[in-house]
Number of protein chains: 2
Amino acid sequence: MGETITAERADAVFGALADATRRDILSRAMGGDLGISELAEHYPMSFAAVQKHVAVLEGAGLVRKRADGRRRVVTTDMDGLRNASVVLDHYEELWRGRIDRMHELLDEDGLPSPDTDTPDQEDRT
Amino acid sequence: MGETITAERADAVFGALADATRRDILSRAMGGDLGISELAEHYPMSFAAVQKHVAVLEGAGLVRKRADGRRRVVTTDMDGLRNASVVLDHYEELWRGRIDRMHELLDEDGLPSPDTDTPDQEDRT
DNA sequence: CATACGTACAACCATATGGTTGTACGTATC
DNA sequence: GATACGTACAACCATATGGTTGTACGTATG
């Protein structure tokens, strides 16, 4: 349950998802088990480049590689995805709270204190 | 309503959130309206560096700058946050579906087709 | 066993990123 | 009006990132 969100984890997850090719690779990996060269066919770049992207996803714990003969099959890392989900939720809730509070102010039209102090779980060395 | 998710938007949002300092700046911006130099006090880096981080957040549409005398107050961009929320949800649902399907397979123990074809909204030039 | 295939990995390159310092300029303040 | 403050922006630097090609090596296949 209460998975703690570390800054490093968040860095890795957001960083991994900050590239369209990697997001697409992740999507495909969820669809079925594909070898790296099979993945590489879909992109206008070399096999080695795709290999690197997979490595980044792997580093972020979103994906794993399983050996199957001479192929290296890319599979989703269930625990990793679940955990990443927690990371995304954390930030989404953060600003969703802010948005909701905005609505209160707009709807009820007269709440005074803009005392929106959010202590923040992560970071803060 | 049905905000379309573009690859560029996703790149910008994930990219902006892939840095701990920027995530913290965003948190603080949600807490109250702060000038850039006020924000900068909290980080072990120059004013100019913080300025750049704010610019990245601004570019991702998560934050805005409002003039207040000689200060530039950093405020959250409500529409941007809402839209970013949609982006995060998109990917979260993607793999949450995958996780749920996993559970089905484990629980009911005998579903055959791993026919998990997820067409994917964005990208796919 | 020779060959083709899928992969790993190193070297290399161009550009992006995250930081710095320095200068300039509008806006308060004395 | 001089001075201090908050900001903008350019120039610069080191490292990270995203791509390339080339080589090597295990694993199928003829």
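Each chain gets a letter, A, B and so on, in the order the sequences are listed, and its residues count up from 1. The basis for the numbers below is simple: all heavy atoms, side chains too, and nothing from hydrogens, waters or symmetry mates.
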Would you say the side chain of V13(B) lies within less than 4.5 Å of the side chain of L17(B), judging by non-hydrogen atoms?
-> yes
Pair E58(B) + K65(B), salt bridge at N-O below 4.0 Å | yes
Touch class at under 4.0 angstrom, heavy-atom based, for Q51(B) against every strand present = base
Comparing A48(A) with A48(B), nearest DNA chain D nucleotide closer to 5' gives the residue A48(B)
Nearest to the side chain of M45(A) - dT20(D), dT7(D), dT7(C)?
-> dT20(D)
Re dT21(C): Watson-Crick or G-U wobble partner, both distances kept under 3.5 Å, found to be dA10(D)
Look at the side chain of S37(A) and decide which nucleotide, out of dT7(D), dG6(C), dA8(C), has an atom nearest to it.
-> dG6(C)
Partner nucleotide, any strand, of dT15(C) [Watson-Crick/G-U, under 3.5 Å] = dA16(D)
When you get a sec, tell me which of dG19(C), dT21(C), dA8(C) is the closest nucleotide to the side chain of A49(B)?
-> dG19(C)
Under 3.5 Å, side chain of R64(A) to main-chain N/O of T75(A), donor-acceptor pair present?
-> no
Measure the distance from CZ on F47(A) to C1' on dA4(C) and round it to the nearest whole Å.
-> 15 Å
Ranking dG26(D), dT21(C), dA8(D) by distance to the side chain of R72(B), first place goes to dA8(D)
Ignoring the backbone of R70(B), work out which of dC9(C), dG19(C), dT29(C) is nearest its side chain.
-> dT29(C)
Once you round it to whole Å, what is the distance between C1' of dA8(C) and CD1 of I36(A)?
-> 9 Å
Output yes when E38(A) and R28(A) qualify as a salt bridge under the 4.0 Å nitrogen-oxygen rule, no when they do not.
-> no
Atom NZ of K65(B) and atom P of dC9(D) are separated, to the nearest Å, by 7 Å
Pair D33(B) + R66(B), salt bridge at N-O below 4.0 Å = yes
Looking at R22(B), does any N or O in its side chain come under 4.0 Å of the phosphate oxygens OP1/OP2 on dG18(C)?
-> yes
Name the closest nucleotide to the R71(B) side chain, picking from dG6(D), dC9(D), dG19(C).
-> dG6(D)
How long is the line joining CG of D19(B) and P of dA16(C), in whole Å?
-> 18 Å
May I have the distance from K52(A) (atom NZ) to dC13(C) (atom P), rounded to whole angstrom?
-> 13 Å
E58(A) CD - dT7(C) C1' separation (whole Å) | 13 Å
Distance in angstrom units between D11(B) CG and dA16(C) P, rounded = 14 Å
Does OP1 or OP2 of dT20(D) have a side-chain N or O of S46(A) closer than 4.0 Å?
-> yes
Separation of E41(B) atom CD from dT7(D) atom P, in whole Å?
-> 10 Å
